[in-house]
Amino acid sequence: MAVRERLSGNEAVAYAIKQVNPDVMPAFPITPSTEIPQYVANYIANGEIDTEFIHVESEHSAMSATIGASAAGARAITATSSCGMALMWEELYVAASNRLPIVLALVNRALSGPININADHSDSMGARDSGWIQIYAESNQEVYDNFIQAFPIAEDKRVHLPVMVCQDGFITSHGVENILLVEDDKVKRFVGAYEPEHYLLNETERMALGPYAVSNYYMETKRAQREAMINAREVILETASRFEEMTGRKYGFFEEYQMEDAEYAVVIIGSAAGTCKAAIEEIRATTGKKVGLIKIRVFRPFPEEEIAKALSKVKAVAILDRSEMFAATSGPLGAEVRAAMYQAHSTAEVVNYFYGLGGRDITVSDFKSVYDNLETIARTHVVTGMYEYIGLRSTQSEEV
Amino acid sequence: MRDTVEIRWHGRGGQGAKTAALLLADVAFKTGKYVQGFPEYGPERMGAPITAYNRISGNPITVHSNIYEPDYVVVVDESLLDSIDVTKGLNPKGAVIINSTRSKEEIEEHLHGYQGAVYTVDAKAISMKALGKNYPNSPMLAATVAVSKIMEREEFLAEMKASFQHKFAKKPEVIDGNMMALELAFEAAV
């Protein structure tokens with residue numbers, strides 16, 4: 001029997017860490033990090049787990065120590081958020097290129113400046129090219145489930161890549177919701193004992209990790225990382241299917257909500273998808289309009305063909321981005337979904353929105369306006385620009 | 001949607017409005033409900049206005065926005081009435097519950113013409129009497145349950161007693177005082 005609980009997203013991830021009982025967790029546990037390292041430190045202090053917690057002097061050191069531990073052959077994790085991850089930047093690439101199956105609990109928050117630590121995807125979207133698998137969550141339940149699934153994905157011999165398990169800052173991380181927890185023994189069986197294939201403390205196999213690679217070797221290394229990312233696709237689905245057998249909860253690259261007959265679709269990542277679902281229920285119940293949602297769970301690797309297929313029958317699509325990339329055109333999700341649709345010769349109209357930057361709220365009625373706009377665009381075939389904003393105050397606005 | 005009760009809490013950093021919202025989520029969860037309890041963070045400092053929210057429902061809740069049209073508003077610090085329109089968007093069939101020594105009539109002048117029910121609870125006096133200290137959040141929690149009728153009085157008190165027994169396992173002498181604060185506030189708000 002699953003355990004019915006109510007937990008914040010931070011508590012849910014810390015609980016999953018307790019159930020997995022990893023070997024090593026280096027972390028820098030003050031703002032902008034979250035309560036996750038603090039809760040784990042409590043579990044360790046209370047003797048509930050025997051993870052070695054390493055107090056480091058910065059996030060750069062946190063990721064460096066996690067890399068060292070993982071390279072030595074330990075199951076190593078860390079947790080951070082916002083500018084904390086920005087300080088890990090060069091080490092993120094080192095973790096991925098050395099093919100270390102690290103799991104990172106990331107609470108998505110804005111990057112400075114102006115100084116802001118509210119929900120925003122700038123931190124992980126900025127790291128989208130670092131070679132990490134990225135998995136996002138709508139709810140506390142999903143981030144818990146994703147965290148457990150991250151280990152078998154990262155450690156699979158076909159993959160050997162680090163995984164970033166993301167959730168929206170404050171909205172799920174500090175918000176308490178109902179959650180179903182999996183029993184400890186089932187989680188342990190699901191994740192399994194970690195048996196590294198190649199590791200530095202193996203005295204029977206001499207190896208070097210992270211050496212200088214001249215131009216004769218660098219490109220092949222990148223090609224190998226790409227192959228691993230391609231392999232991750234099937235491993236992510238296999239792991240999801242095993243998780244469904246255990247819990248009944250179904251996961252894939254993305255969730256399709258009311259898409260069977262949808263004419264107008266929103267594509268989005270994270271907690272706002274739940275708000276969009278409430279708008280969809282209301283619109284369908286009151287007007288009968290065929291509106292639907294695609295909620296991206298896996299952004300790296302990007303499920304290009306599958307998304308294009310899921311959008312193949314709609315008349316108009318709104319892609320919502322919670323981070324800027326200052327291309328002065330699309331946001332990161334907008335650009336990739338557009339590319340996927342182009343590749344599939346889609347004729348649907350597309351509009352890209354920026355929303356929720358730095359924690360700006362998005363409501364059910366905002367989503368209703370988005371669907372109204374999609375209907376107009378589908379009818380007139382006029383899209384005014386590459387992107388629009390939701391909830392942006394005008395410069396003359398009196399309300400703060 | 002409408003089987004969901006939505007509550008907005010106004011307080012100042014350090015007064016326990018966020019804790020009260022999380023406690024309400026806790027106690028509603030224990031009676032079998034689907035719950036959300038979440039704060040809206042501004043600058044993190046003592047005394048700054050803070051807002052916290054609850055959604056309580058018989059069905060799973062997917063909405064992740066703040067609450068703009070609450071059924072109930074709870075004001076833990078009445079000095080906020082001068083700077084914040086606390087009844088903004090408040091359902092006229094709902095109620096506002098304010099921690100104050102003043103009468104309902106005096107308070108109503110500060111409520112921007114809100115037409116719904118107004119309750120005042122002297123949470124400080126209740127807390128001083130029951131605990132000898134000013135902890136306004138527990139009395140305000142009890143008053144909120146009494147006014148919103150989210151659950152029955154006995155059910156609420158039994159669940160709270162169980163969580164106090166857990167929380168204060170090492171100082172059981174404060175349990176009776178906390179229970180008294182809840183009971184007094186429950187009476188004061190009905």
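Residue numbers start from 1 in every chain, and the chains themselves are labelled A, B, ... in the order their sequence lines are given, proteins ahead of strands.
Judged purely by atom type and a 3.5 angstrom limit, Asn118(A) has no side-chain atom pairing as donor or acceptor with the backbone of Arg109(A).
In this structure, Tyr389(A) and Phe354(A) have tilted ring planes: the angle between them lies in the 30° to 60° band. Using cut-offs of 30° and 60° for the angle between ring planes, the Tyr144(A) and Tyr15(A) rings count as tilted.
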Quiz item: After noting the C-alpha distance and the side-chain angles of Asp77(B) and Ser79(B), does the key distance pass the side-chain hydrogen bond (donor to acceptor under 3.5 Å, both in side chains) rule?
Solution: CA-CA 6 Å; Asp77(B) 186 324; Ser79(B) 72; 2.7 Å; yes
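Counting heavy-atom pairs closer than 4.5 Å to chain A, the top-ranked of the candidates Tyr68(B), Phe38(B), Tyr53(B) is Tyr68(B).
Within the 4.5 angstrom heavy-atom criterion, no atom of Asn54(B) approaches chain A. When heavy atoms are compared at a cutoff of 4.5 Å, Ser8(A) does not approach chain B at all. For a residue to count as touching a neighbouring chain, one of its non-hydrogen atoms must lie under 4.5 Å from one of that chain's; by this rule Asp168(A) does not touch chain B.
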